[in-house]
2 protein chains.
Amino acid sequence: MMAADDAGAKTSLQRGLAILRVLAETDESGPDSGSGMRLTDIARALELTPPTVHRILKTLLDEGMVEADKTTKRYRLSVDFFALAARAGNPGNLRDVCRPIILRLSATLRDTIFLLVRSGFDAVCLDRSEGPVPIRSFTGDIGGRIALGIGQGSISILAFLPEEEREEVIRFNLPRMHGLGFLDEVYLRTEIARVRELGYASRSTGLLPGMAGVAVPILDQQGHAVAAISVGTIAERLNDDRLPVVVDILKREAAGVSRLISPFDPVLRRPASVLGGSGP
Amino acid sequence: MMAADDAGAKTSLQRGLAILRVLAETDESGPDSGSGMRLTDIARALELTPPTVHRILKTLLDEGMVEADKTTKRYRLSVDFFALAARAGNPGNLRDVCRPIILRLSATLRDTIFLLVRSGFDAVCLDRSEGPVPIRSFTGDIGGRIALGIGQGSISILAFLPEEEREEVIRFNLPRMHGLGFLDEVYLRTEIARVRELGYASRSTGLLPGMAGVAVPILDQQGHAVAAISVGTIAERLNDDRLPVVVDILKREAAGVSRLISPFDPVLRRPASVLGGSGP
DNA sequence: CGCCACCATTCCGTATATCGGAAAGAATCG
DNA sequence: CGATTCTTTCCGATATACGGAATGGTGGCG
């Protein structure tokens, strides 16, 4: 069980990470974002005493992970921390491998392209390149998360997970989805079957009016999804004429990526897994 | 505050962060990127004993900041960590405020737009939106760093720092620059003077052949630079006809941002409640 | 095929960093 | 201008982290 506020944190490292997480929450988009948190607020949120928070914050400050506004005494995650993260999230070179493809696709299709990767029960947006047409999407920005099953890219990953994992994700995510959309289990399973059959996910879910998308999974050697390439655009741009063309291009690119990731290394008995272990 | 602030990490939190940093280094682009590090490599790099590294890695693993490939025993930063830190780097809402502007600019100008922010002696790329023309740049990707003074966006920040800070940065960065480019101090100071006079930085530095850029600083209330908006494109697209137009558009947008950031309200103005309202 | 070398992992006594109550400065509010 | 809330420092008791030593694995090499 993963409580949001880490009631079981015992070590100072865990407390430090908890503080980073709490700061990240207030740094996300919103009216107060960027303004940061005060020491006592952090202490309250994490059920720590002010001296403890103060000491840890001082360390985080010295290490450059956190920055403080000296006048307002408010703490927030630093730009350095942001820059550090840019070097993460590249499992199996996936992001590096896909960047040129993403750029090429958005230039060719003149739509916004997303690279999504699975992380636990979510899909996370690893990269994106905007087309000229502004769109809205579930994952939105780089680093954005969405439950596996919501949105074309996300569902195309879910559809091509190993059956056991797929069931586990569905079990876990259905309750979460009821809050976000109006998907019921029957609909979800129908969609998954369709995606598996077609090899791509499309159609507007109706959750974002006027928006539409297509996505294809990126499969590993075993034919299981590790990621997805997704096109987000307005509904008119995915009509019956254009859709097949886009799908065709996407499938070709995805197949190319499949060949490039986890290149067979004779030393290893198995290809390196692209997936992380951030599951249950 | 005695001495001993030196490189020798003492607390477990510092060691944990050091491990994250070391993992970030090997995760950056390169032939081995994405493959991760082994435990003993980390131990050697940080001059720690294997048991210590093992214990800390276990914590980081439990906390989801690090993921390990079970077969190869290699550790790397997790996608979760990536998602976490992607929420940082939004000082004073700067990124949120600028995103629509970045998108609008890249759609209008059909070039690649960067948002750079100062971090210490560097400029860091906070956001970017690619135009149809592929380009190369110093900062490159989101999260990329470049010494203040190299590149149009970077130098336009440097030029509009308070004089004292500007001198400090120049002193610190000149030695670093000699490795990167061929800038000498006279040239740098000439450029800075020119940028201050014109209010923007342009001209191809010649460091990236065929590439060109224009950038304008984003100023705070005191007229000091906190960030810059930069256009990166190929040299032909910044000829004498187009350059003034682009500069004009950029200046207008930058002025708009200046008004939006840190709306310093001298009266007692607490931004609602920090914990408050619509929690996710 | 089997030995060797290196690596990951566990154990545990010692040493030390961490914790938080108490209280002194700051800032803020009424 | 006094009251309240918050930040920061101090310090002793204690829990936690450390790393040497030993164990279990895994790949490399002869």
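Note that this is a predicted model, so its numbers are computed, not measured. Letters A, B, ... mirror the listed sequences (proteins, then strands); counts begin at 1.
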Handout entry: Any A:Leu115 side-chain heavy atom under 4.5 Å of A:Ser230 side chain
Key = no

Practice task
Would you check if B:Leu148 and B:Asp122 make a side-chain contact, meaning some heavy-atom pair closer than 4.5 Å?
Solution key: no

Exercise for the section: Give one of base, sugar-phosphate or nothing for B:Arg74, where a contact means two heavy atoms less than 4.0 Å apart. Expected result: nothing

What pairs with [X] under side-chain hydrogen bond (donor to acceptor under 3.5 Å, both in side chains), at least two apart in sequence or on another chain?
X: B:Arg55; answer: none
X: A:Ser12; answer: B:Ser12
X: A:Asp69; answer: A:Thr71
X: B:Thr49; answer: B:Thr52

Exercise for the section: Return the 5'-most residue of the pair A:Ile56, B:Lys58 with respect to DNA chain C, ranking by each residue's nearest nucleotide. Expected result: B:Lys58

Do the side-chain N or O atoms of [X] get closer than 4.0 angstrom to the phosphate oxygens (OP1, OP2) of [N]?
X: B:Thr40; N: C:dA8; answer: yes
X: B:Arg44; N: C:dC7; answer: yes
X: A:His54; N: D:dT7; answer: no

What is the distance from [atom1] of [X] to [atom2] of [N], rounded to the nearest Å?
X: B:Leu57; N: C:dT10; atom1: CG; atom2: P; value: 13 Å
X: B:Glu47; N: D:dC18; atom1: CD; atom2: C1'; value: 16 Å
X: A:Leu46; N: C:dG20; atom1: CG; atom2: C1'; value: 16 Å
X: A:Asp41; N: C:dT28; atom1: CG; atom2: P; value: 14 Å
X: B:Lys70; N: C:dT9; atom1: NZ; atom2: C1'; value: 16 Å
X: A:Ile42; N: D:dT8; atom1: CD1; atom2: P; value: 11 Å
X: B:Tyr75; N: C:dA8; atom1: OH; atom2: P; value: 8 Å
X: A:Asp62; N: D:dT8; atom1: CG; atom2: P; value: 13 Å

Practice task
State, to the nearest 10°, the angle formed by the axis through the first five base pairs of the helix from C:dC1-D:dG30 to C:dA24-D:dT7 and the axis through its last five.
Solution key: 50°

Handout entry: Set of residues satisfying side chain to side chain contact (heavy atoms under 4.5 Å, CB included) with respect to A:Ala86, sequence neighbours excluded
Key = none

Practice task
Could you run through nucleotides 20-25 of chain D and give me one letter per nucleotide, 5' to 3': B if any protein heavy atom sits under 4.0 Å from the base, S if only the sugar-phosphate is that close, - if neither?
Solution key: BB----

Who pairs with [X] by salt bridge (charged side-chain N to carboxylate O under 4.0 Å, His left out), at least two apart in sequence or on another chain?
X: B:Arg74; result: none
X: B:Arg118; result: B:Glu165
X: A:Arg196; result: none

Handout entry: Charged N-O contact under 4.0 Å between B:Asp96 and B:Arg87
Key = no

Find every protein N or O atom lying less than 3.5 Å from an N or O atom of nucleotides 11-17 of chain D, and list the pairs.
none

Completion exercise
Sorted by chain and residue number, the ring pair (Phe, Tyr, Trp, His ring centres under 6.0 Å) partners of B:Phe121 (sequence neighbours excluded) come out as B:Phe172

